[in-house]
Each structure stands twice: as C-alpha cells, then as structure tokens.
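Treat the numbers as computed from the prediction; the structure is a model and nothing was measured. All chains are named by letter (A, B, ...) in the order of the sequence lines, taking the proteins before the strands, and each is independently numbered beginning at 1.
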There are 2 protein chains.
Amino acid sequence: MRRITIKDLSKFLSLSTSTISRALLNDKNVNEETRKRVLDAAEKLGYKPNLTALNLQSGQSKTIGFVVPEMITPFSSKVLKGIQNILYPLGYRIIITQSDEDPLVERKNLQLMEEFNVDAIIINLCHETQNNDIYEHIMKQGIPMIFFDRIPHKSLDVSKVIIDDYIKSSLMVEYLIKTGRKRIVHIIGPTGIQNAVERLNGYKRILLKYNIFDENLIVHTDGMTFEHGKKAIKQLLSRNIPFDSIFAFSDTLAMGAMNFLLEQKVSIPDEVSIASFSGTELSSMVYPQLTSVQQPLEKMGEAAAELALEKIKNSTFPSRTILMDAELVYRAST
Amino acid sequence: MRRITIKDLSKFLSLSTSTISRALLNDKNVNEETRKRVLDAAEKLGYKPNLTALNLQSGQSKTIGFVVPEMITPFSSKVLKGIQNILYPLGYRIIITQSDEDPLVERKNLQLMEEFNVDAIIINLCHETQNNDIYEHIMKQGIPMIFFDRIPHKSLDVSKVIIDDYIKSSLMVEYLIKTGRKRIVHIIGPTGIQNAVERLNGYKRILLKYNIFDENLIVHTDGMTFEHGKKAIKQLLSRNIPFDSIFAFSDTLAMGAMNFLLEQKVSIPDEVSIASFSGTELSSMVYPQLTSVQQPLEKMGEAAAELALEKIKNSTFPSRTILMDAELVYRAST
DNA sequence: GTGAAAGCGCTAACAC
DNA sequence: GTGTTAGCGCTTTCAC
C-alpha cells in the first residue's frame with residue numbers, strides 16, 4: 001500500500017540508492033547487468049518516482065497557471081487543450097482559474113498562482129491596464145507571464161500570442177459589404193480590452209472607406225455574455241435604427257443578438273446577416289450557422305506553451321510575439 | 001530574485017529555523033514577541049512557503065485529477081468550477097484531462113494521473129465497464145476515485161455523485177406526452193454508459209404506460225457530438241418514420257437534431273418539439289431555447305470534491321453515493 | 001520558549 | 001561501476 005521508493009529498491013537489491021537512481025536515469029556509469037536488475041525490480045515492485053521530491057530538488061513546481069476570463073464557452077478549453085498537448089508530456093501540471101471577466105477576481109487568481117509557486121502563467125486577461133501592477137509584480141518574482149488573445153497595454157514587455165484583430169475585422173466587414181450589406185451594426189466588446197478597440201478600428205476603417213459609416217450603428221455592451229448580446233440588439237431595435245447586418249465582437253454576443261432577432265421573427269440572413277469572431281464549435285451549433293473569423297485556438301495554446309517553456313528554461317530569453325493566422329469561415333448566417 | 005526561505009528568516013533574525021516554523025504555524029510554544037518579529041520579517045522579506053517542500057514532507061501531492069470525456073461543452077467546466085470552489089481554498093491543484101469519449105484515451109489519462117501522484121481522482125467516465133481494471137488498480141494504490149454523472153458498473157464499490165436518470169427521464173417524457181405528443185423519438189446515448197440505459201428505460205416505461213411505445217422511434221448513435229445528433233435525425237427522416245417530438249440523451253445531440261430539422265424547414269416546436277438532458281448554457285443559446293433536465297453541475301462538482309476529501313483524510317471512509325436533484329426547465333422548444 | 005537534528009524521496013558531487 | 005554524503009525547504013520530535 002505504501003509507495004515504493006528508491007530506498008526500497010536499494011534494500012531489495014542490496015545496491016546504493018545512487019546506483020538505483022543512476023540506473024533509472026539511464027546514466028552511463030552503470031553496468032548493463034545492474035541496470036537491468038534495477039529496471040526489473042522497479043517494474044516488479046511497482047516503483048513510481050515521487051514527483052514532489054523531484055520538484056523540491058529541482059526548485060520548480062512543474063506547475064503552470066492558466067488564467068482565463070471564463071470557461072462557459074469552449075474558447076478557453078480549446079486553448080487549454082493546446083497547452084496540454086505540449087506540457088503534459090513534459091510532466092507539467094496546469095492549474096486553471098476563471099476570472100468571470102472581473103479584474104478583481106483576476107487579481108485574486110493571480111495571487112493564488114503565486115501561492116501555488118507556478119513556474120509560469122499563461123493568461124487571457126480581463127482588462128488591458130487595470131492589473132498591470134500585478135503582472136509586473138509577478139514577473140519581478142521571476143515568474144514568466146505569457147499572454148494570449150487579449151494582451152496588456154504596450155507598455156509591458158511580455159511574450160504573447162495574438163491574431164491580427166484589425167486586419168481580420170476589416171476583412172470580415174468588407175465581406176459583409178460585398179454581400180450587399182450597407183447598414184452594418186458592430187457590437188463592440190468591453191473597451192478595456194485592446195482587441196475590442198482593434199476590431200472596432202477595422203470595422204470603422206472599412207465603413208469609412210465605403211462611405212457608409214454611421215456612429216449609431218455601434219452598440220456598446222458592458223459584458224460579454226449571451227444576454228449582453230441580446231440586450232444590445234434589443235436596445236438598437238427600440239431606438240428604431242435600421243440595419244441589415246451585424247458584426248459582433250464574439251460568437252457569444254452574436255448568438256445572443258441572433259436569438260433576440262429570431263424571437264422577433266426577423267429572418268436570418270435574409271433581413272439581417274450576422275458575423276463574428278470565434279474559433280469554437282458554438283458557431284456551427286446554432287441555426288443558421290454563424291459566419292466567423294475562426295481563431296486557431298488549440299494552436300494558440302501550443303504556441304503559448306512554447307513561449308512559456310522558453311522563458312522557464314532561460315529567464316532572460318527575450319519576449320516574443322507570435323502572430324497567428326485566422327481564417328474567415330463563411331456559413332449560413334451571411 | 002531567489003525565493004526567501006525559512007532559512008533566510010532564520011539568519012536574518014538569528015533564530016533557529018524551528019522557531020521560525022513554529023511562529024509561522026501559530027504554535028503556542030513561541031514568545032508573542034518572537035512571533036511578531038518573525039511575522040514582520042516574513043512580510044518584509046516577502047517570504048512565501050514552498051508548497052513542494054510541504055508536500056514532500058506530508059507525503060501528499062495536493063493534486064486532484066479530473067478526468068472527463070470532453071471539454072467542448074460547458075458541462076465539465078461547470079463541474080470543475082464546483083470542484084475548484086472547494087479545493088482551491090484548501091491548496092489543492094487540479095489537473096484535467098479529456099478522454100474524447102474514448103476509453104483508451106481515458107486509460108492513458110488515468111496512467112498520467114498516477115504518474116502525477118494525484119491524491120484522488122474525480123472522473124466522468126467514457127464506458128461503464130471497459131476500464132474497470134484500471135479503476136480497481138488505481139484504488140488499490142490507495143488513490144480514491146470519485147465518479148460523477150456517469151458511473152461504473154455496480155460491481156465496483158466507489159463514491160459517486162449522480163442524479164436519478166430514470167426518474168427524470170420519465171418525468172420529461174411524460175411532460176412531452178402531456179403537451180400532446182404521441183410519436184416521441186429517443187436519441188439514446190452510447191449504450192456503454194449506464195445513464196443512457198437508465199434514460200432509455202425511463203422513456204420506455206412511460207411510453208409503455210401510455211401504450212404508445214414504438215421500437216422504431218429509438219435512434220442509436222455511436223457518439224455524443226452535435227454531428228451525431230444531426231445524423232440520427234437524418235436517418236430517421238430518410239426512413240420515413242413519422243414523429244412529433246424528440247427526447248435526446250444530451251443537449252449536444254438535441255442541438256444537432258434541431259439544427260438538421262431547421263435546415264429541413266421543420267418548425268419547432270410546432271411540428272416537432274425537443275427536450276433533452278443538460279445543465280449548461282447551451283440549452284438557452286439556441287433558438288428556440290431547449291427544454292431540458294437541468295443538472296446542478298456546479299453543485300455536483302462541490303459534492304464530488306467533498307467525497308474526495310473525506311477519502312483523502314481517511315482512506316477507509318466508506319464509499320457514499322450522493323443523489324442530486326435535477327430540475328425540469330420548460331423552454332420554447334416544447 | 002528555543003535549538004539541534006532527523007527525515008520526507010531524490011539527485012549530484014565526490015570518493016574509491 | 002558503485003557507494004557515501006549533502007542538500008532541496010520544511011516540520012517535528014527530542015533536548016535543554
């Protein structure tokens with residue numbers, strides 16, 4: 001019942017613990033014969049190395065923190081999968097916290113990460129600037145922080161994984177125009193997030209280019225949920241502002257908007273077409289399926305994990321930014 | 001940059017490490033004055049206890065394994081949240097793996113958990129019997145296993161958190177009948193899962209009771225995804241079997257079914273009404289919103305965590321089954 | 001009330 | 001090629 005340790009093997013084989021250790025680690029300074037005996041005994045007695053001891057010795061916790069705004073949509077789960085692909089085989093644990101889009105909760109989560117002695121933190125933040133002080137504080141402790149999707153204000157020098165929100169947003173809006181839409185609503189994300197600004201800017205640029213920009217078509221929300229999407233469109237309708245399409249910051253917002261329109265018996269995409277940013281299965285689980293900018297989430301997770309590893313291995317490794325490509329996927333909603 | 005240890009405090013204050021330790025642990029055998037000095041110094045130098053050392057010493061990894069079939073839907077995330085509520089404050093890490101509904105992947109995941117020296121495993125399994133040998137093997141190592149939602153065959157004595165699938169299924173089907181439906185399709189889950197059998201039995205019982213049971217209305221799937229739901233209904237339509245409603249094993253299957261029907265311009269709920277088992281936001285993100293048996297997922301996670309804790313504290317603690325209540329939520333799809 | 005020392009499981013210098 | 005030993009950071013006897 002008790003765990004078998006290297007000491008048990010040592011007694012069992014009348015060998016020193018160091019020889020056992022060496023044999024297990026494939027050190028060359030071990031007789032082939034001996035190694036075999038050790039390996040056999042280890043197998044037979046069911047020896048499993050004690051990671052905690054290893055970690056204590058190496059001074060690492062072999063734990064990575066993963067801090068995300070939410071896990072209600074599959075967005076974070078997909079990124080997580082990518083991170084796991086890279087880190088599990090290397091023996092890293094991943095500890096996850098959700099911030100519920102609240103910078104204060106994010107703060108607490110980051111403190112938790114510090115207590116857990118994580119070797120690095122991979123984070124999708126809630127607010128561009130509000131927690132900059134802790135990000136800096138944590139990095140000063142020697143804990144690398146890797147940002148993905150939503151990144152902090154330029155003033156912080158950190159590694160990050162992003163897509164080009166500005167360009168992708170422009171492309172999507174231009175596509176809507178090419179399908180004949182002129183009154184394109186933009187449901188913007190929380191303005192405390194740089195991506196929201198970038199996507200808004202892309203939207204603006206195109207509408208200005210085609211000379212159809214109208215301030216009234218921009219709808220603010222104070223949150224990112226389905227309900228916020230619904231409310232946004234509800235407001236717009238009540239203000240009697242005509243529109244023929246919607247470009248939403250996220251698929252969740254888009255789905256909320258769509259749901260409300262369908263309740264109002266508005267036909268999609270005939271009367272109103274809808275597009276958004278996504279990368280999850282959600283886009284294709286609704287009817288009609290949503291046209292969206294499909295972010296390569298799993299790949300983004302893998303990239304973030306790699307960035308974390310390079311900082312862990314060498315803390316002076318210069319920060320890098322990985323720009324991922326995202327694909328526009330045209331579905332039935334446009 | 002280097003971590004402050006108890007030794008640094010010891011040097012700094014010219015006290016032995018044991019006194020420092022005692023002061024930090026609020027041991028009574030410390031002069032109040034001394035304790036104060038220690039606490040102040042700890043604060044000032046930024047001392048943070050090294051969890052790894054603690055764990056080595058206590059023989060625990062303070063890590064819990066969480067093994068789920070998938071993280072595409074928010075199902076597992078919600079349970080995870082509940083587990084975190086209980087375990088994070090206690091200093092436990094949680095390591096998560098997805099099995100992709102594949103018992104072989106689940107096996108590998110469980111082995112990974114063993115390697116990670118987890119103190120307990122909380123699992124939603126892929127197949128009722130196929131991995132019983134490892135479950136037993138793991139428990140024989142002294143690692144408690146807590147099952148939730150999908151549980152192993154009765155032959156295993158384990159702690160579990162479940163809802164009454166049979167009853168809830170019956171209630172939902174009876175509700176459909178009361179809304180005037182007579183040709184109720186059941187999309188069953190994988191038969192390697194006890195829940196699928198239970199829900200099927202509940203369905204059968206009611207249809208038999210009302211004398212409207214028809215074997216043809218039961219649709220098998222070989223998976224749990226959205227696409228499987230679509231395919232199931234496609235098959236049914238191609239076989240020209242008339243029906244006026246659907247009761248699906250899961251919301252994902254229901255959404256697939258609904259999506260296909262909407263594509264075929266079938267009106268919901270007028271021509272076909274739909275209900276399923278759920279507990280996630282998905283049910284209300286589609287149009288029309290899905291009627292479903294709403295499982296208390298976060299609460300289930302909390303319960304599972306409690307069960308894990310009692311087994312960790314006392315390995316001989318008898319296994320318990322917690323039966324949670326689930327609510328029938330009537331939405332627009334019926 | 002405080003200190004010295006052992007020990008948790010393992011690796012890595014250092015001997016031989 | 002193998003053994004001895006120190007040490008990772010901490011708690012916990014055991015002395016005093």
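- Distance check: A/Ile72 CD1 to A/Asp100 CG gives 7.5 Å after rounding to the nearest 0.5 Å.
- Across the protein-nucleic acid pair, B/Arg3 atom CZ and D/dC10 atom P stand 7 Å apart, rounded to whole Å.
- Look at CG on A/Asn117: it is 13 Å from C1' on D/dC10, rounded to the nearest Å.
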How would you summarise protein contacts on nucleotides 11-16 of chain C per nucleotide, using B for base, S for sugar-phosphate only and - for none, with heavy-atom distances below 4.0 Å? BBB---
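- Counting any heavy atom pair closer than 4.0 Å across all strands shown, A/Thr34 reaches sugar-phosphate atoms only and no base atom.
- The CZ atom of B/Arg37 sits 15 Å away from the P atom of C/dG1 (whole-angstrom rounding).
- B/Ile123 places a side-chain heavy atom less than 4.5 Å from the side chain of B/Glu106.
- As rounded to whole Å, 14 Å separates atom C1' of D/dG3 from atom CG of A/Asp27.
- Looking only at side-chain heavy atoms (C-beta outward), A/Tyr92 and A/Ile83 stay at 4.5 Å or farther from each other.
- In this structure, A/Thr52 reaches neither bases nor backbone, as no heavy-atom distance under 4.0 Å exists between it and the strands shown.
- As a whole-Å value, the separation of A/Lys48 NZ from C/dC10 P is 13 Å.
- Look at A/Ser16 and you won't find any side-chain N or O under 4.0 angstrom from OP1 or OP2 of D/dT2.
- Residue B/Asn50 is in sugar-phosphate contact alone, with no base atom involved, counting any heavy-atom pair closer than 4.0 Å across all strands shown.
- Other residues, nucleotides and ligands place more than 12 heavy atoms under 6.0 Å from the NZ atom of B/Lys48.
- B/Glu298 CD to B/Leu80 CG: the interatomic distance, rounded to the nearest 0.5 Å, is 9.5 Å.
- Going from atom NZ of A/Lys62 over to atom P of C/dG9 covers 21 Å, rounded to whole Å.
- With rounding to the nearest 0.5 Å, the separation of CD1 in A/Ile96 from CG in A/Asn109 is 11.5 Å.
- Between the CG atom of B/Leu56 and the C1' atom of D/dC8 there is a distance of 9 Å, rounded to whole Å.
- Between the CG atom of B/Asn55 and the P atom of C/dG9 there is a distance of 13 Å, rounded to whole Å.
- Heavy-atom nearest nucleotides on DNA chain C were determined for B/Glu32 and for B/Ser58, and the one closer to the 5' end corresponds to B/Glu32.
- Closest to the side chain of A/Lys7, out of D/dC10, C/dC8, D/dT2, is C/dC8.
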How far apart are the C-alpha atoms of A/Arg107 and A/Asn131, what are their side-chain angles, what is the distance that settles it, and do they pass the side-chain hydrogen bond (donor to acceptor under 3.5 Å, both in side chains) test? CA-CA 7 Å; A/Arg107 273 187 110 81; A/Asn131 284 339; 2.9 Å; yes
